[in-house]
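In what follows, every chain begins at residue 1, and chains take the letters A, B, ... in the order their sequences are listed.
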2 protein chains.
Amino acid sequence: MKNEIDDLDRALLKALGEDARKSWRELAEQLGVSAPTIRDRVGRLQDIGVLRGFVTELDPVALGYTLEAIVRFKAFPGKLQKLEQQIREADRIVQCDKITGEDAFVARLLLRSIAELDPLLEGFTDKASTNTAIVKASPVRMRQPPL
Amino acid sequence: MKNEIDDLDRALLKALGEDARKSWRELAEQLGVSAPTIRDRVGRLQDIGVLRGFVTELDPVALGYTLEAIVRFKAFPGKLQKLEQQIREADRIVQCDKITGEDAFVARLLLRSIAELDPLLEGFTDKASTNTAIVKASPVRMRQPPL
DNA sequence: AATGAAAGTGTTTATCC
DNA sequence: GGATAAACACTTTCATT
């Protein structure tokens with residue numbers, strides 16, 4: 001079981017990255033192989049862990065989240081575990097990484113309006129200090145790693 | 001053309017968020033409606049802009065990117081446009097936001113090893129100063145906004 | 001808006017190269 | 001590892017409620 005991917009795999013991942021619901025048949029035609037081959041390749045890419053799955057891309061603005069904020073959390077002594085748990089459970093936080101340096105976490109927070117920011121952050125005041133920046137634009141929206 | 005979504009839409013988006021390739025028929029059965037209804041709903045969600053599309057979720061580690069970094073860029077005077085363009089073109093940068101405050105951009109950078117960090121950042125030294133943190137864990141991997 | 005049924009496609013399996 | 005072809009399953013259209 002080799003964990004290497006070839007040019008066909010790369011072309012397939014690129015095509016699926018553009019439309020993850022494209023039919024095997026259509027992908028087969030586009031890439032010049034048969035449908036069963038496409039199906040085999042996708043299965044193998046999932047087996048070796050390269051392809052985690054197929055997901056939706058939603059528009060936060062269309063859902064009423066007109067503002068996005070990047071919040072850095074600096075945990076108070078002994079509060080790291082509780083802070084992480086609260087971040088996991090906050091559904092307005094749609095992404096969060098634990099990082100090196102004095103800031104324990106960086107999170108992406110969705111807001112319906114600027115008025116929501118303070119109340120949301122106040123829920124964390126017993127566990128961390130925060131530093132917030134508002135997202136003005138997203139020149140690179142989440143994209144595939146180079147294959 | 002109403003831009004509101006109902007409980008069925010929410011259940012549908014949630015199900016597609018778990019497996020964006022599930023067949024209309026299977027979704028129909030799961031949600032207790034007919035396949036044509038599912039298809040109509042998905043089309044409408046795309047039309048009103050809530051559902052941008054269907055994409056793949058890849059594992060950077062399985063692709064050899066064993067390190068992830070969060071880089072903050074502070075643009076030098078007059079270099080903002082060039083900096084943004086270079087960020088867009090850097091395929092190791094898989095996500096980037098333009099934010100308020102003294103840091104012009106925050107970016108997510110993929111690395112094959114720590115040795116790659118310095119050479120990659122040096123390409124930006126004429127346009128910005130940088131501040132880098134290494135990702136130690138990702139407690140919240142990109143998830144759907146609350147519906 | 002949603003359904004059920006039929007016609008049209010796509011998927012899957014088995015066999016072969 | 002990939003192709004072809006037949007059996008099977010899904011998708012789509014349309015008439016109906």
**Report entry** Proximal nucleotide (of D/dT12, C/dG10, D/dC10) relative to the B/Arg25 side chain
**Finding:** D/dC10
Requested in this report: Given side chain to side chain donor-acceptor pair (under 3.5 Å), test A/Gln85 with A/Glu89 step by step and report yes or no.
Outcome: CA-CA 6 Å; A/Gln85 194 185 335; A/Glu89 289 166 1; 3.2 Å; yes
Report summary line: When rounded to whole Å, the CH2 to C1' distance for the pair A/Trp24 and C/dT12 reads 12 Å
Query - Rounded distance (Å) that lies between atom P of D/dC10 and atom CZ of A/Arg21 - result: 12 Å
**Report entry** Estimated bend of the helix from C/dA1-D/dT17 to C/dC17-D/dG1 (axis per five terminal pairs, rounded to 10 degrees)
**Finding:** 30°
Query raised in the report: Within this structure, what is the CG-to-P distance between A/Leu8 and D/dG2, rounded to whole angstrom?
Result: 6 Å
Report task. Quickly work out the A/Asp9 CG to D/dG1 C1' distance and round it to whole Å. Result -> 12 Å
Query - Interatomic distance where CG belongs to A/Leu27 and C1' belongs to C/dT11 [whole Å] - result: 13 Å
Query raised in the report: Should A/Leu45 and A/Leu27 be counted in the same cluster of Ile, Leu, Val, Met, Phe, Trp and Tyr side chains packed under 4.5 Å apart?
Result: yes
Report task. Among D/dT11, D/dA5, C/dG10, find the nucleotide with the atom closest to the side chain of A/Pro36. Result -> D/dA5
**Report entry** Salt bridge A/Asp59-A/Arg141, side-chain N to carboxylate O under 4.0 Å
**Finding:** no
Report summary line: Regarding the side chain of B/Arg41, the nearest nucleotide among C/dA2, D/dG2, D/dC10 is C/dA2
Query raised in the report: Does a side-chain N-to-carboxylate-O contact under 4.0 Å join B/Asp9 and B/Arg44?
Result: yes
Report task. May I ask you to verify if any side-chain N or O of B/Arg39 is less than 4.0 angstrom from the OP1 or OP2 atom of D/dT12? Result -> yes
Report task. Answer with base, sugar-phosphate or nothing: what part of the nucleic acid does A/Ser34 contact at a heavy-atom distance below 4.0 Å? Result -> base
**Report entry** Integer-rounded Å distance: D/dG1 P and A/Glu4 CD
**Finding:** 13 Å
Report task. Please check the phosphate of C/dA1 (OP1 and OP2 only) for any side-chain N or O of B/Thr37 closer than 4.0 Å. Result -> no
**Report entry** Side chain of A/Ser23 (C-beta onward), nearest among D/dT11, C/dT12, C/dG10
**Finding:** C/dG10
**Report entry** Heavy-atom donor-acceptor pair, B/Arg39 side chain to B/Ser34 backbone, under 3.5 Å
**Finding:** no
Requested in this report: Please state how far atom CD1 in A/Ile38 lies from atom C1' in D/dG1, giving the value in whole angstrom units.
Outcome: 13 Å
Query raised in the report: How many Å lie between CD on B/Glu26 and P on C/dT11, as a whole number?
Result: 14 Å
Requested in this report: For the residue pair B/Glu84 and B/Lys127, establish whether any side-chain heavy-atom pair is separated by less than 4.5 Å.
Outcome: no
Query raised in the report: Is A/Arg72 positioned over the aromatic face of A/Phe105, cation under 6.0 angstrom from the ring centre and no more than 45 degrees off axis?
Result: no
